A.B. asks: 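Let me begin by handing over the structure; questions about it come next.
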There are 2 protein chains.
Amino acid sequence: MEKELFKFISKYMPVSDEEKNAIIELGIFRSYKKDTILLREGEYSNASYFVLKGCIRSYYIVNGEEKTTAFYTESESFSPHCTIDNKPSKHYISCVEASMLTVATPEMEKTIFNKFPRFESLCRILSEELLVKSQLSFDEFKNSSPEERYIKLSKTRPDLIQRVPQYQLASYLGIKPESLSRIRKRISKK
Amino acid sequence: MEKELFKFISKYMPVSDEEKNAIIELGIFRSYKKDTILLREGEYSNASYFVLKGCIRSYYIVNGEEKTTAFYTESESFSPHCTIDNKPSKHYISCVEASMLTVATPEMEKTIFNKFPRFESLCRILSEELLVKSQLSFDEFKNSSPEERYIKLSKTRPDLIQRVPQYQLASYLGIKPESLSRIRKRISKK
DNA sequence: CTTTTTTATTAACTAAAGTCAATAGATTTG
DNA sequence: CAAATCTATTGACTTTAGTTAATAAAAAAG
């Protein structure tokens with residue numbers, strides 16, 4: 001299963017056996033059951049994640065309502081904001097499906113960065129790329145209607161439509177479940 | 001004017017005179033007149049910017065209409081997406097006001113990173129922080145109405161309301177100018 | 001300083017999302 | 001497998017944004 005991780009890294013740079021072993025020795029591979037909550041509002045975290053298998057969801061609870069803001073699936077990585085800013089978490093993170101993740105702390109990163117400095121370069125580059133992706137998604141979100149967003153999502157991440165309950169997709173698209181239901185109806189008529 | 005830059009960096013780590021001189025010698029300080037276009041759709045770029053003074057806007061042109069997606073003001077930094085992904089730019093970048101910027105290329109970064117490796121750590125950390133900020137803004141955008149977004153903006157970036165024409169703010173808030181006009185009217189009545 | 005152009009407001013109307021409530025369908029659990 | 005819970009759909013109604021067009025106000029250009 002760790003192959004996923006090294007396959008991902010090697011898209012950016014070759015990884016030696018020595019480096020692989022150093023990473024494996026950190027003991028960062030973890031399995032979680034469906035609906036496991038990895039982080040709750042108000043908690044602190046120092047974990048960064050990489051999804052080997054499964055689907056992870058980030059959501060807020062506002063006035064008792066879940067507001068889903070992100071889904072992470074195979075080969076995607078994420079750090080909860082509280083890992084970066086050291087403030088209590090504003091959101092929840094949970095497993096939509098049974099999932100396999102790597103879970104790393106800043107200390108582990110430091111260990112690796114000291115041994116192999118080019119991993120810090122890699123992380124800088126990845127982080128810059130993620131920032132660009134996040135901004136492009138945001139730009140696109142602003143400049144499209146709920147219907148356009150749903151159509152786009154079903155093209156770019158068709159798996160999500162299958163894997164995730166519709167009320168979670170709705171708030172991910174910035175609308176109410178009833179509206180998503182109507183949008184789907186509207187589209188199917190065309 | 002370069003003081004702005006070092007003041008910013010020193011919030012994260014002390015900067016020696018040697019480091020300051022190495023940065024100054026790169027010759028990255030630039031002035032631009034109001035409405036200068038720094039980047040056009042279809043062009044390539046390898047520049048990363050830091051705003052010393054002024055206001056910079058990122059926007060798309062879709063069906064002849066400008067869709068503003070970001071404003072960068074004093075002490076904010078940004079890289080156009082094409083600088084990161086080496087694809088032709090999808091958006092425009094221009095100066096809302098006469099502005100002073102630093103403009104760096106990846107080669108310049110490399111030069112500095114080689115001489116002073118901790119600058120790469122700094123850039124990794126900054127980039128991770130920017131990513132978190134971008135995601136938090138996106139989360140908030142999804143979970144609020146146009147009216148709430150406008151109220152929030154006038155609290156968090158009151159200067160923008162003054163500095164920027166309303167039709168640009170409107171598309172930044174994901175709505176039409178007419179709607180923003182009505183929202184402002186609605187709010188003033190309360 | 002007057003004209004032209006750009007930006008902002010207002011109004012009438014349309015389209016779509018929000019809200020509330022009822023119901024149906026699906027899934028989970030005892 | 002039957003009951004309970006969770007999820008999705010539908011309908012009636014309200015609210016707000018989009019659209020088009022006219023006008024007013026402000027800014028830029030001559």
Side-chain angles (χ1 to χ4, degrees), chain A residues 33-37 55 57 59-68 71 92 94-98 140-154 160-190, chain B residues 33-37 55 57 59-68 71 92 94-98 140-154 160-190:
Chain A
K33 288 183 189 158
K34 186 181 172 180
D35 294 328
T36 305
I37 296 183
C55 181
R57 174 172 74 111
Y59 60 100
Y60 296 71
I61 297 186
V62 185
N63 300 128
E65 256 183 294
E66 288 184 6
K67 307 279 192 172
T68 298
F71 296 102
Y92 294 73
S94 77
C95 303
V96 174
E97 309 169 346
E140 193 154 24
F141 188 94
K142 268 186 195 168
N143 297 318
S144 54
S145 66
E147 182 169 329
E148 290 168 332
R149 284 176 215 148
Y150 177 76
I151 292 170
K152 185 72 191 293
L153 184 70
S154 44
L160 278 190
I161 312 271
Q162 306 304 324
R163 296 168 96 165
V164 168
Q166 210 164 291
Y167 73 95
Q168 291 177 9
L169 286 180
S171 77
Y172 179 64
L173 295 170
I175 55 176
K176 303 285 160 186
E178 296 92 329
S179 295
L180 178 53
S181 188
R182 280 188 222 118
I183 286 171
R184 283 161 54 87
K185 200 178 173 186
R186 224 151 60 204
I187 291 171
S188 71
K189 276 185 184 166
K190 290 174 186 170
Chain B
K33 287 183 191 160
K34 186 179 173 182
D35 293 329
T36 306
I37 296 183
C55 181
R57 175 173 73 112
Y59 61 99
Y60 296 71
I61 297 186
V62 186
N63 299 128
E65 255 183 295
E66 289 184 5
K67 307 278 193 173
T68 298
F71 295 103
Y92 294 74
S94 77
C95 303
V96 173
E97 309 168 347
E140 194 155 22
F141 189 94
K142 268 186 194 168
N143 296 318
S144 53
S145 66
E147 182 169 330
E148 290 167 333
R149 282 176 217 148
Y150 176 76
I151 292 170
K152 185 72 192 295
L153 184 71
S154 43
L160 278 190
I161 314 271
Q162 305 305 323
R163 296 169 95 165
V164 168
Q166 212 164 289
Y167 74 93
Q168 292 176 9
L169 285 179
S171 78
Y172 179 64
L173 295 169
I175 56 177
K176 301 285 161 189
E178 296 91 333
S179 296
L180 178 52
S181 187
R182 277 187 296 229
I183 287 171
R184 281 161 54 87
K185 200 179 173 187
R186 225 151 60 204
I187 290 172
S188 70
K189 277 186 182 167
K190 289 176 186 169

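Here the structure is a predicted model, which is why all the values come from computation and not from measurement. Chain A is the first sequence line, chain B the second, and so forth, proteins listed ahead of strands; every chain is numbered from 1.
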A.B. asks: The side chain of A:E178 is closest to which nucleotide in this list: D:dT20, C:dT7, C:dA21?
C.D. replies: C:dA21
A.B. asks: Rounded to whole angstrom units, what separation is found between the CG atom of A:N63 and the P atom of C:dG18?
C.D. replies: 15 Å
A.B. asks: Has B:S94 got a side-chain atom pairing as donor or acceptor with B:T36's backbone, closer than 3.5 angstrom?
C.D. replies: no
A.B. asks: Among D:dG18, C:dT9, C:dA17, which nucleotide has an atom closest to any side-chain atom of B:R184?
C.D. replies: C:dT9
A.B. asks: Kindly say if B:S181 contacts the phosphate of C:dA8, meaning a side-chain N or O under 4.0 Å from OP1 or OP2.
C.D. replies: no
A.B. asks: Does B:Q166 put a side-chain nitrogen or oxygen below 4.0 Å from OP1 or OP2 of C:dT6?
C.D. replies: no
A.B. asks: If I take atom CD in residue A:E148 and atom C1' in nucleotide D:dA17, what distance separates them, rounded to the nearest angstrom?
C.D. replies: 14 Å
A.B. asks: Are any side-chain N or O atoms of A:S144 and backbone N or O atoms of A:E140, one a donor and one an acceptor, separated by less than 3.5 Å?
C.D. replies: yes
A.B. asks: Please work out if A:P177 contacts a base, only the sugar-phosphate, or nothing of the nucleic acid, heavy-atom cut-off 4.0 Å.
C.D. replies: nothing
A.B. asks: When rounded to the nearest 0.5 angstrom, what distance separates CG in A:N143 from OG in B:S171?
C.D. replies: 6.5 Å
A.B. asks: Under 4.0 Å between a side-chain N or O of B:K176 and OP1 or OP2 of D:dT19?
C.D. replies: yes
A.B. asks: Check if the side chain of B:R182 and the base of D:dT15 share a donor-acceptor pair of N or O atoms closer than 3.5 Å.
C.D. replies: no
A.B. asks: Could you check whether B:L180 gets within reach of a base, just the sugar-phosphate, or nothing at all, counting any heavy atom under 4.0 Å?
C.D. replies: nothing
A.B. asks: DNA chain D: A:Y167 or B:G174, which has the more 5' nearest nucleotide?
C.D. replies: A:Y167
A.B. asks: Counting heavy atoms from C-beta on, name the nucleotide in D:dA17, C:dA17, C:dC20 closest to the side chain of A:I175.
C.D. replies: C:dA17
A.B. asks: Closest to the A:K185 side chain: D:dA28, C:dT10, D:dT10?
C.D. replies: D:dT10
A.B. asks: Let me know the distance between CD of A:E65 and C1' of D:dC6, rounded to the nearest Å.
C.D. replies: 15 Å
A.B. asks: Quickly work out the A:I183 CD1 to D:dA8 P distance and round it to whole Å.
C.D. replies: 14 Å
A.B. asks: When the distance from NZ of A:K142 to C1' of D:dA17 is rounded to whole Å, what number comes out?
C.D. replies: 17 Å
A.B. asks: Expressed in angstrom and rounded to an integer, what is the separation of A:I187 atom CD1 from C:dA16 atom P?
C.D. replies: 12 Å
A.B. asks: Would you say B:R186 reaches D:dA17's phosphate, i.e. side-chain N/O to OP1/OP2 under 4.0 Å?
C.D. replies: yes
A.B. asks: CG/B:L153 to CG/B:L160 distance, rounded to the nearest 0.5 angstrom?
C.D. replies: 5.5 Å
A.B. asks: Regarding B:R184 and B:E147, does a basic nitrogen lie under 4.0 Å from an acidic carboxylate oxygen?
C.D. replies: no
A.B. asks: Specify the separation, in whole Å, of atom CD1 of A:I161 and atom P of D:dA8.
C.D. replies: 12 Å
